[in-house]
Amino acid sequence: MGISVSVIIPIYNAEKYLPQCLDSLLGQTLSDIEIICIDDGSTDGSLKVLEAYQKQDYRVKISSQKNAGAGAARNRGITYANGKYVYFFDADDVADKKLLELAFNRAEETEADIVAFNGSTFTDDDLSTAKLKQGFSKGSVKSVGEVFSYKDYPQSILSIVNVVPWNKLILRSFILEKGLKYEEISSTNDITFSAVAAANASKIALLDKNLMYYRLGHSGTVSSTKTKNLNNVITAVESVASQVETLEYYEEIKPSLMRFVIDNYIFAFMSYTDDFASDISKDYYNFIYERFNSDLFADYREEYVPSVKLRRLYRKIKNTPYDEMLEIKGKQLIVSFTTYPKRISTIHRVVDNIARQSKKADAVYLWLASEQFPNGNADLPQELLERAEQGLVEIRWCDEDIRSHKKYFYAMQEFPQALIVTLDDDLVYPDNIIQTLFECYICNPDCVSAMRAHVEIINFQKYGEVIPYELWLPEYRDRIFEPSMQLFATSGAGTLYPPNVLDKHVFNKEKFLELCPLADDIWLNIMQLVKGTPTVVASDNYFLHLIEGTQETTLFDENVGGGKNDLQYAAVREWIKSEFGEDVVYKHLTESNLPLNLADYDVFSEYLIFLHNTEKQLRRKLAQSNKEKSETARKLKTAYAEKSEVTKKLNQTYEEKAERGRELQKLQQDYNKTSKALKDLRRQTKRSYIFRTERFVYRKLKRLTGKK
């Protein structure tokens, strides 16, 4: 029998992980395979591990080369491959035992050039931590069961299958026929191979299963030793462009190439240019700035890129020279939050959440009031102190407890030119929240970027009356990345404040403690409106996830449930009127027609107020009904108690009657026994000699005397 699959593994200093990797491949349910191991100049014991496995199983084949990178190693492996299909694997990953069998069967039944599937990521050598890692975009195809090519999806063919090596089984003859090769560069070497393969394939099939485990956090593997060399990104992406441009159907898939170029260049821009002032970042940005303004994008249309975020970032980069972008992107980013004694025991979970972020903050500050923790660090839980020692958070002590206002008040004054991200102490945040906010900020540097925002509803016919807070449109997600004065950021859900977006009155501690002590987001929102700063929603897929055990007492109960938000909003607004001599809040709220058209506001707000008043009436009726119900329940309870007492007495009477019955029954039984005994005695007497003698004498005497 021939070899069904050649597995090609580039190996560089992976001694620790090779046994688990090779065991998972040698234990495959598809046995007619070969495992081609390319040692890329390892300096540890990787080669010895390979030789030991080769002695145990002939399917393990070894080739060595001087260190040249994973791309060169994979290309070398292709030249040695004999299988009908080729699968590229990493030395620190683990394969599901059915990976090759399922992928092979899918390829055979569909006659596909490429079969793509999913995987899972795991950390700390623990497979139980595995999370889905998509190998393809399920939402980009009509059905995962279909077989497709560029003809079916010309605008997205380069973006459907993830450009990684581990997620696809590929027909070897297809690789050789199309001359597919990995870029022999130190990083990003897999982009070109995967994208060009997708563009050339006549049949691509999908397998909606997680068939491998991709290890995260290993600093010594090929996949994690990327130098983030931005020149490599340019080399890989431009190689895709040059090869795709030679295809006879290039014009058909040109929109897909635009999307691919935008996606990969922006990903590298957001991920690998933290030191944006460096020469390499500057050169990279200038290149993509010019590329986005090149002839490739002369006929670009936004419909080519389905992601709103990518559209906005593309537009921003295209229109922003390096010096301007340096001013935007080069700012320090600080995460700032606070807590109080009732939640101090779980605050370390928020710290861990921040530490896991895909984009790291330059500093993380937790502001604590000394009066709430009079013994300082001695009052803090060990979990928090350990994280402070690890440098994950810096604890800052405040002389005065200004409640939730601590989350912004001190950080914004100490770091006036920094980007301040505010978080709450009772939420579990997604691992990309900082990245999401930062991307939104890049596109809207003069706005407040928020993960969660409500729409402030105004009734213009009633002199700008703001209707009750609980009637505002909650959690607006319809048009992300678009600024509006009518969006109200909820600061604790994750909000990014650039420098100079709030009015100077924001730091008037005396006033916010007097007028708005319980609602920092209302205070911040009005300070935005006074300054004329819009809010932008950064995500259309964000929901609150609470930390368990943190909701015994919340400001939400007081502010929303108790109506205090409306009182605080009105109080701050009136004070601002007196300070400025005009209603600047109303003025700026009416400057934007997003998210609702101004002409619709009066009707809409009147309708909401009608609903609100109707709800109040219903609540009053319900309260009256509940009162009457409560009185009826009380009477019923009394009646039930009286009934219970009567029932108790009846039960007692029944018991006494039953007892008398039992006594009568016992007497009757005794009587019956006595009667029976007497009858028995009579019978015995009648049969006795004395009785018969007496009876004979009696009869004789009766005849003699003549008496009857």
**Study point:** N/O donor-acceptor pair under 3.5 Å between S239 side chain and A236 backbone
**Key:** no
Practice item. Measure from the side-chain N and O atoms of D152 to the backbone N and O of F148, and report whether any donor-acceptor pair falls under 3.5 Å. Key: no
Check your understanding: Does one side chain, of S46 or D44, offer a donor that lies under 3.5 Å from an acceptor on the other?
Key -> yes
Exercise for review: Please answer whether the main-chain N or O of V164 pairs with a side-chain N or O of K168 as donor and acceptor at a distance below 3.5 Å.
Suggested key: yes
Check your understanding: Any side-chain heavy atom of I442 within less than 4.5 Å of one from I328?
Key -> yes
Practice item. Look only at the side chain of K55 and the backbone of L50, and say whether a donor-acceptor pair between them is shorter than 3.5 Å. Key: no
Review point. Passes ring-ring contact (aromatic ring centres under 6.0 Å, His included), F267 versus F269? Steps please.
Key: CA-CA 5 Å; F267 176 81; F269 166 67; over 10 Å; no
Revision key, fill the gap. Looking only at heavy atoms, the pair that brings N162 and N167 closest together is O-ND2, 3.0 Å
**Study point:** Between S256 and Q155, a side-chain donor and acceptor under 3.5 Å
**Key:** no
Exercise for review: Tell me, please, which residues at least two apart from S202 pass side-chain contact (heavy atoms from CB on, under 4.5 Å).
Suggested key: D113
Revision key, fill the gap. Minimal heavy-atom distance between A205 and V147, with the atoms involved, is CB-CG2, 4.3 Å
Check your understanding: For V163 and T192, what are the C-alpha separation, side-chain angles and deciding distance, and is it a side-chain contact (heavy atoms from CB on, under 4.5 Å)?
Key -> CA-CA 8 Å; V163 287; T192 305; over 6 Å; no
Review point. Checking ring-ring contact (aromatic ring centres under 6.0 Å, His included) for the pair Y214/F122: CA distance, chi angles, key distance, verdict?
Key: CA-CA 6 Å; Y214 181 86; F122 70 102; 8.6 Å; no
Practice item. Answer with yes or no whether the side chains of D96 and N210 bring together a donor and an acceptor at under 3.5 Å. Key: no
Practice item. Taking R387 for its side chain and V393 for its backbone only, find out whether a donor-acceptor pair lies under 3.5 Å. Key: no
Revision key, fill the gap. For A493 and M451, the nearest pair of non-hydrogen atoms, with its separation, is O-CB, 3.8 Å
Point to revise | Under 3.5 Å side-chain donor-acceptor pair for S63 and R76 | key: yes
Review point. Within 45° of the axis and under 6.0 Å from the centre of the six-membered ring of F543, does NZ or CZ of R477 qualify?
Key: yes
Check your understanding: Can you tell me if S24 and K97 form a side-chain donor-acceptor pair at under 3.5 Å?
Key -> no
**Study point:** Within-4.5 Å side-chain heavy-atom neighbours: Y265 and I234
**Key:** yes
Review point. Mind checking whether D92 and K16 have side chains closer than 4.5 Å, heavy atoms only?
Key: no
Check your understanding: Do you see a donor-acceptor pair shorter than 3.5 Å between the side chains of S42 and D39?
Key -> yes
Check your understanding: Is it true that Y285 and F287 have ring centroids separated by less than 6.0 Å?
Key -> no
Exercise for review: Apply side-chain contact (heavy atoms from CB on, under 4.5 Å) to the pair V240 and L257, showing each step before the final yes or no.
Suggested key: CA-CA 8 Å; V240 172; L257 178 61; 4.3 Å; yes
Point to revise | Flag, side chain of N264 to backbone of F260, donor-acceptor distance under 3.5 Å | key: yes
Review point. Are side-chain N/O atoms of N67 and D40 paired as donor and acceptor at under 3.5 Å?
Key: yes
Check your understanding: Is there a donor-acceptor pair under 3.5 Å between the side chain of R311 and the backbone N or O of E303?
Key -> no
Check your understanding: Minimum heavy-atom separation for Q65 to A68, with atom names?
Key -> NE2-CB, 3.9 Å
Exercise for review: Assess whether salt bridge (charged side-chain N to carboxylate O under 4.0 Å, His left out) is satisfied between K360 and D274, documenting all intermediate values.
Suggested key: CA-CA 10 Å; K360 306 302 180 185; D274 287 340; over 6 Å; no
Review point. Going by an N to O cut-off under 4.0 Å, is there a salt bridge joining R349 and E548?
Key: yes
Practice item. May I ask you to decide if L100's main-chain N or O and Q28's side chain share a donor-acceptor pair within less than 3.5 Å? Key: yes
Exercise for review: Report yes if the side chains of V196 and N200 come closer than 4.5 Å at any heavy-atom pair, otherwise no.
Suggested key: yes
Review point. Any chance the rings of F117 and F136 have centres within less than 6.0 Å?
Key: no
Review point. Going by distance alone, is a donor N or O of one side chain under 3.5 Å from an acceptor N or O of the other, for S6 and E34?
Key: yes
Taking distance alone, no hydrogens or angles, what donor-acceptor pairs closer than 3.5 Å link side-chain atoms of residues 430-438 to residues at least two apart or in another chain?
| from | atom 1 | to | atom 2 | distance (Å) |
| --- | --- | --- | --- | --- |
| Q435 | NE2 | E439 | OE2 | 3.0 |
| T436 | OG1 | N432 | O | 2.8 |

Practice item. Could you tell me whether the side chains of S149 and K203 share a donor-acceptor contact shorter than 3.5 Å? Key: no
Practice item. Taking the side chain as every heavy atom from C-beta outward, state whether E51 and L47 have any pair of such atoms under 4.5 Å apart. Key: yes
Exercise for review: Check whether any side-chain heavy atom of S156 lies under 4.5 Å from a side-chain heavy atom of R259, and answer yes or no.
Suggested key: yes
**Study point:** Test log, rule side chain to side chain donor-acceptor pair (under 3.5 Å), inputs D126 and S128
**Key:** CA-CA 5 Å; D126 184 3; S128 67; 2.5 Å; yes
Practice item. Check whether any side-chain N or O of R172 sits under 3.5 Å from a backbone N or O of V5 as a donor-acceptor pair, and report yes or no. Key: no
Check your understanding: Does the pair Y213 and Q20 meet the rule for a side chain to side chain donor-acceptor pair (under 3.5 Å), with working shown?
Key -> CA-CA 11 Å; Y213 299 91; Q20 188 179 19; over 6 Å; no
Check your understanding: For atom NZ of K133, is the number of surrounding heavy atoms from other residues, nucleotides or ligands below 6.0 Å larger than 12?
Key -> no
**Study point:** Mutual orientation of the aromatic rings belonging to F297 and Y314 [parallel < 30°, tilted 30-60°, perpendicular > 60°]
**Key:** tilted
Check your understanding: Can you find a side-chain donor-acceptor pair between D275 and S281 that sits under 3.5 Å?
Key -> no
Practice item. Determine which pairs satisfy ring-ring contact (aromatic ring centres under 6.0 Å, His included) with at least one residue from residues 51-84, sequence neighbours left out, and list them in order. Key: none
**Study point:** Ring centres under 6.0 angstrom apart (Y272, Y284)
**Key:** no
Review point. What do the steps show when you test L169 against I114 for side-chain contact (heavy atoms from CB on, under 4.5 Å), and what is the final call?
Key: CA-CA 6 Å; L169 190 73; I114 301 171; over 6 Å; no
Review point. With a 6.0 Å cut-off on ring centres, are Y289 and Y322 close enough?
Key: no
Exercise for review: Show the numbers, then the answer: is there a side-chain contact (heavy atoms from CB on, under 4.5 Å) between I354 and Y429?
Suggested key: CA-CA 8 Å; I354 297 169; Y429 297 97; over 6 Å; no
Review point. Between R315 and E302, is any pair of side-chain heavy atoms under 4.5 Å apart?
Key: yes
Check your understanding: Using a distance-only test with no angle check, is there a side-chain donor-acceptor pair under 3.5 angstrom linking E238 and S242?
Key -> no
**Study point:** Side-chain donor/acceptor of T246 to backbone N/O of Q243, under 3.5 Å
**Key:** yes
Check your understanding: For S187 and N229, does a side-chain donor sit closer than 3.5 Å to a side-chain acceptor?
Key -> no
Practice item. Tell me whether the centres of the aromatic rings in Y300 and F292 are closer together than 6.0 Å. Key: no
Check your understanding: Do you know the tightest heavy-atom contact between M212 and W166?
Key -> SD-CE3, 3.4 Å
Practice item. Would you check if there is a donor-acceptor pair between the side chains of R74 and N189 at a distance under 3.5 Å? Key: yes
Exercise for review: State whether a side-chain donor-acceptor pair under 3.5 Å links S186 with N232.
Suggested key: yes
Check your understanding: Do the side chains of D90 and I9 get nearer than 4.5 Å, heavy atoms only?
Key -> no
